Structures are given as structure tokens and as C-alpha cells.
2 protein chains.
Amino acid sequence: MGDAEPRTAGGRVTVKEVADYAGVSAMTVSRTLSGGKNVRADVQRRVMDAVSALGYHRNENARSMRPGHTSGLIGVAITNLGNPYYGGFALGVEEVAATYGRRILLGNTGEVLARETQLISDFVGRQVEGLIVVPTGGAGEHLQPRALGHIPLVLAARSIPGVSADTVLLDDTSGAYEGTKRILQAGHRRVAFLGNSVSVSTATRRFEGFCQALAEFGLAPDPDLVLRGQQDVPAARRAMEQILQHSAPPTAVFSANNRNTIGALEAISAARDAGSVTTPPTLIAFDDVELANQMNVPILTISHDPKALGAEAARMLFSRLDGDFTSSEARIFNLAVSVGNIRS
Amino acid sequence: MGDAEPRTAGGRVTVKEVADYAGVSAMTVSRTLSGGKNVRADVQRRVMDAVSALGYHRNENARSMRPGHTSGLIGVAITNLGNPYYGGFALGVEEVAATYGRRILLGNTGEVLARETQLISDFVGRQVEGLIVVPTGGAGEHLQPRALGHIPLVLAARSIPGVSADTVLLDDTSGAYEGTKRILQAGHRRVAFLGNSVSVSTATRRFEGFCQALAEFGLAPDPDLVLRGQQDVPAARRAMEQILQHSAPPTAVFSANNRNTIGALEAISAARDAGSVTTPPTLIAFDDVELANQMNVPILTISHDPKALGAEAARMLFSRLDGDFTSSEARIFNLAVSVGNIRS
DNA sequence: CTGTTAGCGCTTTCAG
DNA sequence: CTGAAAGCGCTAACAG
């Protein structure tokens with residue numbers, strides 16, 4: 001009896017079935033479920049019993065189709081969920097979205113533009129109320145308001161030339177500048193640079209900050225010591241090995257992201273074990289990396305909180321959705337980064 | 001002209017509007033969009049022009065409401081996206097789901113049972129075709145088939161007593177057993193244990209494997225050296241500090257997950273810097289941790305691929321959805337773990 | 001307090 | 001080859 005199984009083969013329970021079971025009309029069920037205003041208490045109880053007996057769940061999709069209603073969905077496209085940084089980012093988005101009663105539709109682009117385009121188009125078709133995108137960096141036609149059905153878009157971590165949308169960025173340039181300056185003030189004069197893909201705006205901005213600080217000390221980057229384009233740990237490790245083998249190795253190395261930092265630390269560690277390096281260079285590491293401070297390699301970390309970045313992206317989006325911010329002008333939010341002290 | 005803005009305030013473009021614009025009926029638009037069978041070529045072109053002029057996106061929610069159609073959504077509930085392990089897991093799920101043309105609805109439970117319950121109920125309301133859940137570990141009434149509207153469920157990483165569902169697990173017990181055995185064979189006899197929450201089945205299974213190996217060598221775990229319940233890095237670090245200060249410290253320490261491994265390594269590193277420890281204990285670390293092998297602490301890693309676990313969970317789910325597997329019996333998949341060699 | 005009607009956007013019949 | 005009607009599950013608006 002309590003185990004009633006009245007669903008029509010494969011289908012799910014509907015209001016109508018609940019109504020029949022409780023001996024009322026669909027409207028009474030609907031009303032009961034949305035607070036019970038204008039429904040007699042005993043009828044409400046009868047309805048709730050039916051709901052629980054049949055295992056009824058209101059169909060939110062049908063519900064959001066009615067005029068005035070929205071889907072309660074936010075589309076989030078991320079380049080690489082496998083990078084711990086973006087896991088933290090997604091968490092920040094999710095937590096704020098939950099606060100606003102919204103759910104996350106998540107997609108991973110794998111840094112592939114076509115996939116990003118397809119994903120976003122699908123999200124729009126699924127009636128998301130807004131989009132948060134960490135763009136791969138290619139041309140942004142698919143990010144133009146028309147392609148998005150004019151739903152609000154927030155870009156995160158990277159900006160795209162020609163796309164005018166609210167954007168949350170790290171204070172890349174000034175973080176890199178401050179970190180590099182700190183190392184120059186400590187007396188270093190020969191500083192290498194390890195960076196990820198040049199097409200990623202973040203990488204460019206960090207490189208700029210790096211160069212600015214050098215310039216202020218009357219220095220220019222040594223082309224031999226600038227290695228860019230390493231997108232994963234093995235590539236970063238090879239790049240660092242190359243730097244360590246330089247005839248006049250640098251005394252410090254700027255690493256533009258967490259992948260490069262890990263590769264660099266692996267290379268240093270291996271070289272030290274092999275005896276080919278005794279005094280490792282000082283690292284200026286953009287992004288936090290677990291255990292990096294325990295490696296007995298002098299390191300200056302430029303820290304920032306991925307979760308905070310995600311949370312800010314979500315807040316920016318909701319300020320549009322709730323009509324708190326209506327200007328058609330795009331906002332840019334720069335999340336502060338903090339330059340620590342040289343450790344170890 | 002190309003910039004037509006015909007949407008009724010706030011609303012989105014509908015088939016009807018596209019039809020009017022192209023001077024055809026809604027049906028012709030619909031047919032064109034689903035392949036163009038039985039539509040004259042020139043009419044198709046006219047429709048496509050209208051679609052692109054108006055920026056039309058087919059409403060997938062309305063579409064999936066029609067008989068026979070499904071939502072194309074998979075609900076994924078994870079305990080902590082901030083843990084890199086679960087980022088990799090989510091990636092594995094996403095990639096396989098994309099292969100099957102499905103999208104991910106993602107929620108983070110934060111190890112809070114109430115949140116998990118609410119999330120899952122919402123997912124069901126949103127017509128997900130299936131669920132993949134890393135359960136927090138509490139009672140599983142909300143995971144019973146009736147509560148789920150009988151949609152397929154796959155549990156991941158942890159199992160729940162009383163819930164019969166397809167499950168993907170790591171080979172926790174045997175991995176822990178093999179790792180511990182290896183360390184005992186290397187001559188260690190005093191081995192500590194650092195674990196996460198006891199209510200998590202994974203933690204229990206790893207502890208069992210650990211004990212099994214000890215027993216085989218005629219040993220029993222020393223209660224003083226078994227510290228469980230550390231859920232984050234700071235707690236793990238404190239636990240390891242306590243172990244290091246023991247009057248008769250262990251020569252090896254089993255760490256049951258990545259949080260405990262990082263905490264332990266931090267504690268060892270600090271103690272070594274402070275001079276209070278000269279010969280660090282050997283670590284048996286369940287879960288891979290970036291940089292752990294470079295810490296100059298002898299370490300045996302019990303490795304496994306979070307992405308592979310996620311992918312397997314998704315495959316198991318789709319085998320149900322596609323009707324390839326219809327038995328009501330729950331399957332358990334154990335993902336192999338690999339025990340490496342003692343490093344450093 | 002409760003039920004009937006109508007329609008959200010779409011597509012499967014069934015008629016032309 | 002094309003269109004009109006009908007209905008997926010739900011709930012405002014309007015009776016009663």
C-alpha cells in the first residue's frame with residue numbers, strides 16, 4: 001500500500017496523478033505545494049500524503065515554462081576542471097549561486113574553442129539565466145550578446161578582446177609587478193620567466209607586470225631566460241631544466257601559474273638530487289601551490305583565492321539578474337592578490 | 001536590419017516568431033531545425049536566415065517535455081569541489097557525459113547531509129535522467145529509489161549501508177593492505193595511522209586494509225598511534241605533530257587521504273626545520289599529491305586516477321540509461337589502485 | 001475554499 | 001511538401 005507504484009511505464013508522477021489519488025483537482029495540489037494558501041488544512045494533509053505515497057516531485061522544467069518564471073539555472077563553462085584552481089573557482093560560483101537559489105549547469109571546454117561555442121549555445125537553449133565563462137581565448141563571436149540571446153555574461157580569469165562583458169580578473173599585472181620588484185629589491189638581477197600559453201590574457205598581463213618591474217630597475221628580460229607556452233607540468237619541468245642548464249643561470253625565476261611552479265620545483269628537486277644544482281634559484285610563484293613552501297626552495301608566492309574569484313563572478317552576475325545593476329557598460333573587477341614574503 | 005531586436009520585452013525568441021519572420025508556420029521551422037526532412041531547400045534557407053537574424057535558440061526545456069523526450073541532464077552531487085581529487089572526478093564524469101550528449105547539473109554538498117538531500121530532490125525535480133553522488137555518509141533514506149522517482153543512481157567513492165545502488169569504489173582495502181604490507185616487508189614495525197572521518201566508508205575500508213596487513217605480521221595497531229577524523233589540512237598537521245612528539249615515535253605513518261598527507265608533510269617539514277626531527281618517518285600515502293615525491297621524505301604512494309573513477313561512474317550510469325544493463329541488482333566496480341615504490 | 005480554462009514552447013499526429 | 005490541432009506538466013486568472 002505504501003509501496004504504490006502507479007507510474008505509467010517509464011513516466012514520472014504528475015500533479016494529475018497526485019490529484020486523483022487525493023481526490024482533489026490539480027490546482028489544489030499545486031496550491032498546497034506552493035504554501036497551502038487557500039486550502040483547507042485537512043485537504044492539505046491528504047495532498048501531502050498522496051505526494052509522499054506516490055513519490056511525487058514537481059517538474060521544475062514545466063514550471064519554469066510558465067510566464068514570469070525563470071529556469072533557476074546558471075551556465076558555467078570552465079577550461080580545465082582538472083586544475084585545482086578551477087575546482088576552487090567552481091566551488092565559489094556554486095556556493096553563491098546556492099545562496100541565490102540557483103543551480104549550476106557545468107561544462108568543461110578543455111581549452112577547445114569549438115567545445116566552448118557548442119557548450120554555450122546548449123546552455124542558452126536550456127534557458128540558463130546567465131553565464132559564467134572562463135574563455136579559452138579565441139575569437140569571441142559566440143560570446144556576443146546576440147549569440148547569447150542577450151542573457152548576462154560574466155567572463156572570469158581572462159578577458160577577450162572585442163567582447164564587452166562584465167569580467168572578474170586577478171590583479172595580474174600589479175601582482176606580478178609587486179612580486180618581481182620584491183625580488184629585485186632583494187638584490188636579484190638575473191630573473192627568468194616561465195609562462196603558460198601566450199594567447200591567454202592572464203599570461204600576458206603577468207608578463208607585463210614582470211617586465212614593468214624589470215624596467216624600473218633598468219633591466220630588460222633576457223630572451224634566453226623567457227620560456228612561455230608551457231600548459232602542463234611536464235612541459236614546465238622541461239622548460240625549467242633548460243633554464244638550469246644555462247651557462248649563466250638566473251638567480252631567480254618567475255613562474256606565471258601553478259602548473260609552471262610545480263614543474264619548476266620538480267626540476268629543481270631532481271637537479272639537486274643529481275648534484276647538478278646546489279643553490280637553487282629563488283622562485284616567484286603566481287598562484288598558491290600546496291607544499292610549495294615546504295620544498296626548501298626559496299619562494300615568494302603571489303597568492304589569491306580561486307573560490308573568492310568564483311564567488312565574485314557569481315555576485316556580479318546576480319547583480320545583473322536582480323536588476324541591481326542595469327547599465328549596459330561592462331564592469332571589470334580586479335581581485336586583489338597578495339604578495340607574501342620570501343620563504344625557506 | 002541584421003541587428004533586429006524583435007524580442008518581446010525580456011522574453012526570448014520562439015519558434016512562432018521565427019516562423020512569422022520567415023513567412024512560414026511553426027511546424028516548418030521545427031522540421032527544418034530537426035534535419036529539414038520534408039522541407040523545400042529554399043524554404044529551409046529562409047528559415048535558417050530568420051533563425052540567425054533573430055538569434056533563435058530552441059528551448060530545450062519545452063522540447064524535453066514532449067512525450068518520449070528526456071532532459072539530457074545528469075545530476076552530480078559532490079562533497080567538496082575544493083578538493084583537487086573531486087575536481088578530477090567531476091572532469092571524468094563530464095567528459096563521458098559529453099560523449100553521450102548529456103550535460104551536468106552540479107552541486108556541492110560540503111559534507112552536509114541536509115544539503116545533499118535538498119540538492120538531490122531538486123535534481124529530480126529538474127528531470128535529470130540519472131544521478132551520480134559522492135555521499136556524505138549519513139543515513140540514506142533520500143537515496144532510496146522511491147525518493148529518487150526511480151531514476152538510476154550511481155554512488156561514487158563511498159558506499160552507504162542500506163542503499164542498494166550501483167557503486168564505483170576504489171580498491172581501498174586491498175590498496176591499503178598492499179601498501180602497508182610493503183612497508184612491513186621493508187622492516188617497519190611501528191606504523192601510525194592518520195585518517196579522515198570515521199563515518200566515511202572509504203576511511204573505514206582503508207583502515208581495515210591497514211589492520212589486515214599488520215595482523216599478517218602479528219601486529220596490532222597501537223591506539224596511541226591511530227588518529228582519525230582529520231577532515232582538513234590543519235587538523236591533519238596537528239595530528240602529525242602529536243605523533244612526532246610521541247615518546248616512542250613510529251618509523252612509518254599511513255596517511256589515508258590527500259588532506260592527511262599534506263598535513264603530515266607540513267608537520268614533518270616544520271619539525272625538521274626546527275631540528276626536533278632528523279630522520280622523518282616513512283609515509284604510506286593513499287591518494288596522489290603533487291610535489292609529495294619531492295619533499296625528501298621517504299614516501300610510498302598508493303595511486304589512483306580520480307578522472308578514471310568519475311568516468312567509470314558515468315559509464316555505469318549510461319549502461320542503465322541505455323538499457324544495456326537492466327538487472328535490478330546493484331553492481332560494484334572497484335577501481336584498481338597502484339602501489340608504487342618507496343621514494344626518496 | 002475549490003475547480004475550470006487557457007496557454008507557456010515545442011513537436012507528433014493527422015489533414016490537406 | 002506544408003499547416004492545424006492537440007497536449008507534454010504546470011499554474012495564473014477567473015468563475016463558482
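The structure presented is a predicted model; accordingly, all values stated were derived computationally and were not measured. Chain letters run A, B, ... following the sequence lines, proteins first and then strands; every chain starts at 1.
- Atom pair Met27(A):CE and dT2(C):P shows a separation of 12 Å (rounding to whole Å applied).
- Looking at heavy-atom distances under 4.0 Å, Arg31(A) makes contact with a base.
- When distances run from any side-chain atom of Arg63(B) to the nucleotides dC1(C), dC10(C), dT12(C), the shortest one goes to dC10(C).
- Contacts of Asn59(B) with the nucleic acid, taken as non-hydrogen atoms under 4.0 Å apart, involve only primed sugar atoms and P, OP1 or OP2.
- For the pair Gln127(A) CD and dG9(C) P, the computed distance is 9 Å after rounding to whole Å.
- Atoms CZ (Arg126(A)) and C1' (dG9(C)) sit 15 Å apart, rounded to a whole Å.
- A salt bridge does not link Glu116(A) with Arg158(A): none of the charged nitrogens is closer than 4.0 Å to a carboxylate oxygen.
- Look at CZ on Arg66(B): it is 9 Å from P on dT13(C), rounded to the nearest Å.
- Classification of Glu94(A) and Arg115(B) as a salt-bridged pair holds, one side-chain N sitting under 4.0 Å from a carboxylate O.
- For the side chain to side chain donor-acceptor pair (under 3.5 Å) condition, the pairs that include at least one residue of residues 22-40 of chain B, sequence neighbours left out, are Arg40(B)-Asp42(B).
- For DNA chain D, the span of nucleotides reached by chain B at under 4.0 Å from its heavy atoms goes, 5' to 3', from dC1(D) to dG9(D).
- Atom CG in Asn61(B) sits about 12 Å away from atom P in dT11(C), given to the nearest Å.
- Distance from the side chain of Ser25(A) is smallest to dT4(C) among dC1(C), dT11(C), dT4(C).
- One distance of note links NE2 of His57(A) with OG1 of Thr14(A); it measures 13.5 Å at 0.5 Å rounding.
- Put simply, the side chain of Arg40(A) and the base of dC1(C) share no donor and acceptor less than 3.5 Å apart.
- A straight line from NZ of Lys37(A) to P of dT2(C) spans 13 Å, rounded to a whole angstrom.
- The existence of a salt bridge linking Asp49(B) and Arg45(B) is excluded, since no basic side-chain nitrogen approaches an acidic carboxylate oxygen closer than 4.0 Å.
- When every heavy atom of Ala156(A) is checked against every heavy atom of Pro135(A), the shortest pair comes out as O-CD, 3.6 Å.
- For the pair Asn38(B) CG and dA15(C) C1', the interatomic distance rounds to 15 Å; values are reported in whole Å.
- Between Thr28(B) and Met65(A), the residue whose closest nucleotide on DNA chain D is further toward the 5' end is Thr28(B).
- The separation between Lys16(B) atom NZ and dT11(C) atom P is 15 Å, rounded to whole Å.
- Side-chain atoms of Ser71(A) and Arg126(B) include no donor-acceptor pair closer than 3.5 Å.
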